[in-house]
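Have a look at the structure below before the remarks.
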Amino acid sequence: MYDVTNELRSVRRTRRIVNGAVWVIASAAILFSLMTGAPLVSAHSEWRWTGWLLPVLVDAALVLSLSADAVLSKHGLKGGRWPTGFRWITGLASLFLNTWGSLSSSDWVGVAIHSIAPVILICTSEVAPIYRRKFRDLELTLTEEVTVTVVTQSLTPKTTNAPVISNANGGKTNGGRKTNANAEKNKAAIRQAFLDGLTPTQAGEKIGVSRGYVSQRYSEIRAELEKAA
């Protein structure tokens, strides 16, 4: 259990790092694009003070795309063709705003330098949803493994010494064997009911035990899962 639990925690930490890195990249690229694109737009606008509006519009569209993809990827969904096209249109618009000033003056070094931020942002907007879906699938798999292990261990009876009773023939029998067998059977059934998502009432009716007993076991299982999370 501990190996799987540690691996699950490691995956969650890595996922948070990746998500943070995505927004750091987006923020830096947006700031760079704003500084580069605003003068270009101002030079071709009747009102120079409006030069920052178009870069902000483009960058806001990219933020919208990244935010939407973050939510969809969390649930294992893909946006489809339109969101992909939307990302590329906004990404290419950002690339144009960043590079046209250098391109129009044949400053190829400037073109290369000003291409870096928008190209990285375009690539980030494409790979981030893929990473998020992969992390989600991996987390679900590891969470299921941890749940099964914790549930199994929480319902595994502790080793006890059952009372030894002498019978009429002078032999000895394990007086608690039948009781322990029934308890073990009930625990196994409760474990399966929990994994199947049954409520305590449903599990109690199915197994033939009281709802309170099932609720107590469910509480123990949840407590163990919280410790392992």
Side-chain angles (χ1 to χ4, degrees), residues 6-144 229:
N6 289 334
E7 186 63 24
L8 177 58
R9 290 171 178 167
S10 176
V11 169
R12 286 173 174 168
R13 284 195 300 269
T14 305
R15 173 179 56 81
R16 287 192 289 267
I17 292 172
V18 170
N19 286 335
V22 168
W23 288 111
V24 168
I25 292 171
S27 299
I30 288 170
L31 180 59
F32 184 82
S33 178
L34 181 61
M35 292 187 299
T36 305
L40 175 65
V41 177
S42 294
H44 293 80
S45 176
E46 185 175 351
W47 299 285
R48 289 185 175 274
W49 63 269
T50 63
W52 59 273
L53 285 175
L54 187 57
V56 167
L57 174 65
V58 173
D59 294 336
L62 283 171
V63 170
L64 184 153
S65 178
L66 288 172
S67 300
D69 283 331
V71 175
L72 292 176
S73 300
K74 185 178 179 180
H75 296 279
L77 300 175
K78 296 181 179 180
R81 294 181 179 178
W82 274 102
T84 300
F86 178 72
R87 287 196 304 271
W88 275 91
I89 289 173
T90 54
L92 291 175
S94 178
L95 180 63
F96 172 81
L97 291 175
N98 276 274
T99 60
W100 184 253
S102 298
L103 187 62
S104 61
S105 61
S106 300
D107 180 8
W108 301 110
V109 175
V111 171
I113 292 175
H114 290 90
S115 297
I116 294 174
V119 168
I120 289 179
L121 187 56
I122 292 172
C123 293
T124 300
S125 67
E126 289 299 314
V127 301
I130 298 173
Y131 280 139
R132 285 166 174 156
R133 284 193 295 270
K134 294 295 184 181
F135 277 119
R136 172 188 175 274
D137 294 341
L138 184 56
E139 279 190 58
L140 289 176
T141 300
L142 293 176
T143 299
E144 184 177 355

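As a basis for the values below, the full set of heavy atoms in this structure was taken, side chains included, without hydrogen atoms, waters or symmetry mates.
- A donor-acceptor contact shorter than 3.5 Å links the side chain of S105 to the backbone of S102.
- Within the structure, side chain to side chain donor-acceptor pair (under 3.5 Å) pairs that include any residue of residues 114-126 comprise R87-E126, W88-E126 (at least two apart or interchain).
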List the steps, then state whether side chain to side chain contact (heavy atoms under 4.5 Å, CB included) holds for L97 with V41. CA-CA 8 Å; L97 291 175; V41 177; 3.8 Å; yes
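- A distance of 6.0 Å separates CG of N98 from CZ of F32, quoted to the nearest 0.5 Å.
- Heavy atoms only, all atoms of each residue included: A38 and P55 are closest at N-CG, 3.7 Å.
- Between the S73 side chain and the D69 main chain, a donor and an acceptor come within less than 3.5 Å of each other.
- Across L64 and F86, no two heavy atoms sit closer than the pair CD2-CE2, 4.0 Å.
- Of all the heavy atoms in W52 and L34, the pair that sits closest is O-CD1, 3.9 Å.
- In plain terms, the two heavy atoms of F96 and L40 that are nearest each other are O-CD2, 4.3 Å.
- Looking at S65, its side chain never comes within 3.5 Å of a backbone N or O of A61 through a donor-acceptor pair.
- Note: N19 CG to T14 OG1 = 11.0 Å, rounded to the nearest 0.5 Å.
- Looking at S94, its side chain never comes within 3.5 Å of a backbone N or O of T90 through a donor-acceptor pair.
- For the side chain to side chain contact (heavy atoms under 4.5 Å, CB included) with R15, the lone residue among R132, E139, R136 that qualifies is E139.
- Partners of T141 by side chain to side chain contact (heavy atoms under 4.5 Å, CB included), not counting sequence neighbours, listed by chain and number: E145.
- Interatomic distance, CG of D107 versus CD1 of I113, reported as 7.5 Å (0.5 Å rounding).
- Screening T143, L8, V11 for a side chain to side chain contact (heavy atoms under 4.5 Å, CB included) involving L138 leaves a single residue, V11.
- Pairing each heavy atom of L62 with each of G91, the nearest pair is CD2-N, 4.1 Å.
- The closest side-chain heavy-atom distance from Y131 to P129 is not below 4.5 Å.
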Might you work through the side chain to side chain contact (heavy atoms under 4.5 Å, CB included) test for W100 and V111, ending with a clear yes or no? CA-CA 8 Å; W100 184 253; V111 171; over 6 Å; no
Test side chain to side chain contact (heavy atoms under 4.5 Å, CB included) applied to L53 and V56, step by step: CA-CA 5 Å; L53 285 175; V56 167; 5.8 Å; no
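- Interatomic distance, CG of L142 versus CG of D137, reported as 11.0 Å (0.5 Å rounding).
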